[in-house]
Amino acid sequence: MNSLKIRRTAIAVAAAAVLPFSLAACSDSDSGTKAAPAAGDQATTGESTPADGTTTGDQPFGAACAGVPKEGAGSFDGMAKDPVATAASNNPALSTLVAAVKQAGLVDTLNNAKDITVFAPTNDAFAKIPKADLDKVLADKEQLTKILTYHVVGQKLTPKQLENGSFETLQKGMVTTTGSGEAYKVNDTSNVVCGNVKTANANVYIVDTVLMPK
């Protein structure tokens, strides 16, 4: 009988000794299980950052973009806050266009339009036109209005749409666009020198040649 009691006591002592180790092992196992999802969460967070960064690709492009002010009303950020005619007036390279728009009385028309694209000729583009011819056009409001509204399309065009496009203008004529990447032409004659410029109501593609209605 004494022998049986001793044996039971020994078993109980052994069990008491083993139990803490078993609990510790379970605790370690649980900790390991909980740590794995935490690491997974970190991995997921790390992977989402590049995905979020893909929105930065929709930026202005072209050699002439380097001449745009880095800050202020004439910068890309500044132009994005203003309607298109106002935004253009803050860009020194578009001063001739702005003067022509004012001469034709189109400032309010362009500023109040919704979701348009403007192919905006630079000062150098207007300089390609002989002065006598340019003066004649500027003095003829009807003709000037036709030319200027031929540079406006009634929808916001993305660079992708310019790859092989044909679009009706506000003048009711058609413009065609070709190209890819950062090289685009309008009507096979005018090069986009700074494209995908955003204003409050328009996408602007600055071009090096004035477009003439066909």
Side-chain angles (χ1 to χ4, degrees), residues 52-104 106-129 134 137-138 144 147-163 165 167 169-170 175-212:
D52 293 341
T54 56
T55 57
T56 60
D58 190 22
Q59 299 294 325
F61 62 84
C65 292
V68 174
K70 300 300 181 186
E71 56 186 24
S75 67
F76 291 129
D77 286 342
M79 292 177 73
K81 298 174 184 176
D82 291 324
V84 64
T86 302
S89 70
N90 293 318
N91 188 324
L94 301 177
S95 59
T96 305
L97 172 64
V98 170
V101 168
K102 290 179 179 178
Q103 183 74 14
L106 293 174
V107 172
D108 289 341
T109 298
L110 294 178
N111 276 348
N112 294 326
K114 303 294 185 183
D115 297 333
I116 58 175
T117 293
V118 177
F119 295 104
T122 62
N123 296 343
D124 290 340
F126 281 100
K128 292 179 181 180
I129 302 172
L134 181 57
V137 169
L138 290 174
L144 180 60
I147 292 173
L148 293 175
T149 54
Y150 184 66
H151 288 75
V152 183
V153 173
Q155 60 178 303
K156 284 186 176 181
L157 300 177
T158 65
K160 184 70 176 176
Q161 288 175 287
L162 299 187
E163 291 182 0
F167 309 99
T169 69
L170 296 192
V175 293
T176 59
T177 58
T178 56
S180 62
E182 296 186 359
Y184 296 91
K185 279 183 176 292
V186 185
N187 288 354
D188 293 325
T189 58
S190 190
N191 297 294
V192 174
V193 293
C194 182
N196 207 30
V197 178
K198 305 298 175 58
T199 74
N201 67 327
N203 288 351
V204 177
Y205 294 88
I206 300 174
V207 295
D208 66 359
T209 304
V210 176
L211 306 173
M212 291 298 179

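Values below: every heavy atom of this structure, side chains too, minus hydrogens, waters and symmetry copies. Note that the numbering runs from 1 along the sequence shown for the chain. Just so we're clear, the structure is a prediction, and the values are computed from it rather than from any experiment.
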> Which residues satisfy the salt bridge (Lys or Arg N to Asp or Glu O under 4.0 Å) test with K70, sequence neighbours excluded?
Replying inline: none
>> Filter on ring-ring contact (aromatic ring centres under 6.0 Å, His included), then keep only pairs touching residues 60-102, sequence neighbours left out; what's left?
In response: F61-Y184
Distance (rounded to the nearest 0.5 Å) between [X] [atom1] and [Y] [atom2]:
X: L134; Y: I129; atom1: CG; atom2: CD1; answer: 5.5 Å
X: T117; Y: L170; atom1: OG1; atom2: CG; answer: 10.0 Å
X: N191; Y: I206; atom1: CG; atom2: CD1; answer: 13.5 Å

Main-chain N/O of [Y] paired to [X] side chain as donor or acceptor, under 3.5 Å:
X: H151; Y: L211; result: yes
X: N203; Y: G195; result: no
X: T209; Y: S190; result: no

Atom pairs and distances, donor-acceptor, side-chain atoms in residues 79-87, under 3.5 Å, two or more places apart:
| from | atom 1 | to | atom 2 | distance (Å) |
| --- | --- | --- | --- | --- |
| T86 | OG1 | N111 | ND2 | 3.1 |

> Considering residues at least two apart in sequence or located in another chain, which fulfil the side chain to side chain donor-acceptor pair (under 3.5 Å) criterion with S75?
Replying inline: none
Quick one: salt bridge (charged side-chain N to carboxylate O under 4.0 Å, His left out) pairs with a partner in [range], sequence neighbours left out?
range: residues 176-194; value: none
range: residues 112-129; value: D115-K156
range: residues 190-199; value: D58-K198

Donor-acceptor pairs under 3.5 Å, side chain of residues 91-102 to any protein atom, not counting sequence neighbours: which ones?
| from | atom 1 | to | atom 2 | distance (Å) |
| --- | --- | --- | --- | --- |
| N91 | OD1 | A93 | N | 3.0 |
| S95 | OG | P92 | O | 3.4 |
| S95 | OG | N123 | OD1 | 3.4 |
| S95 | OG | N123 | ND2 | 3.0 |
| T96 | OG1 | N123 | OD1 | 3.2 |

>> Q161: which residues meet the side chain to side chain contact (heavy atoms under 4.5 Å, CB included) condition with it, sequence neighbours left out?
In response: Q155, L157, T158, F167
> Residues in side chain to side chain contact (heavy atoms under 4.5 Å, CB included) with V137, at least two apart?
Replying inline: L144, I147
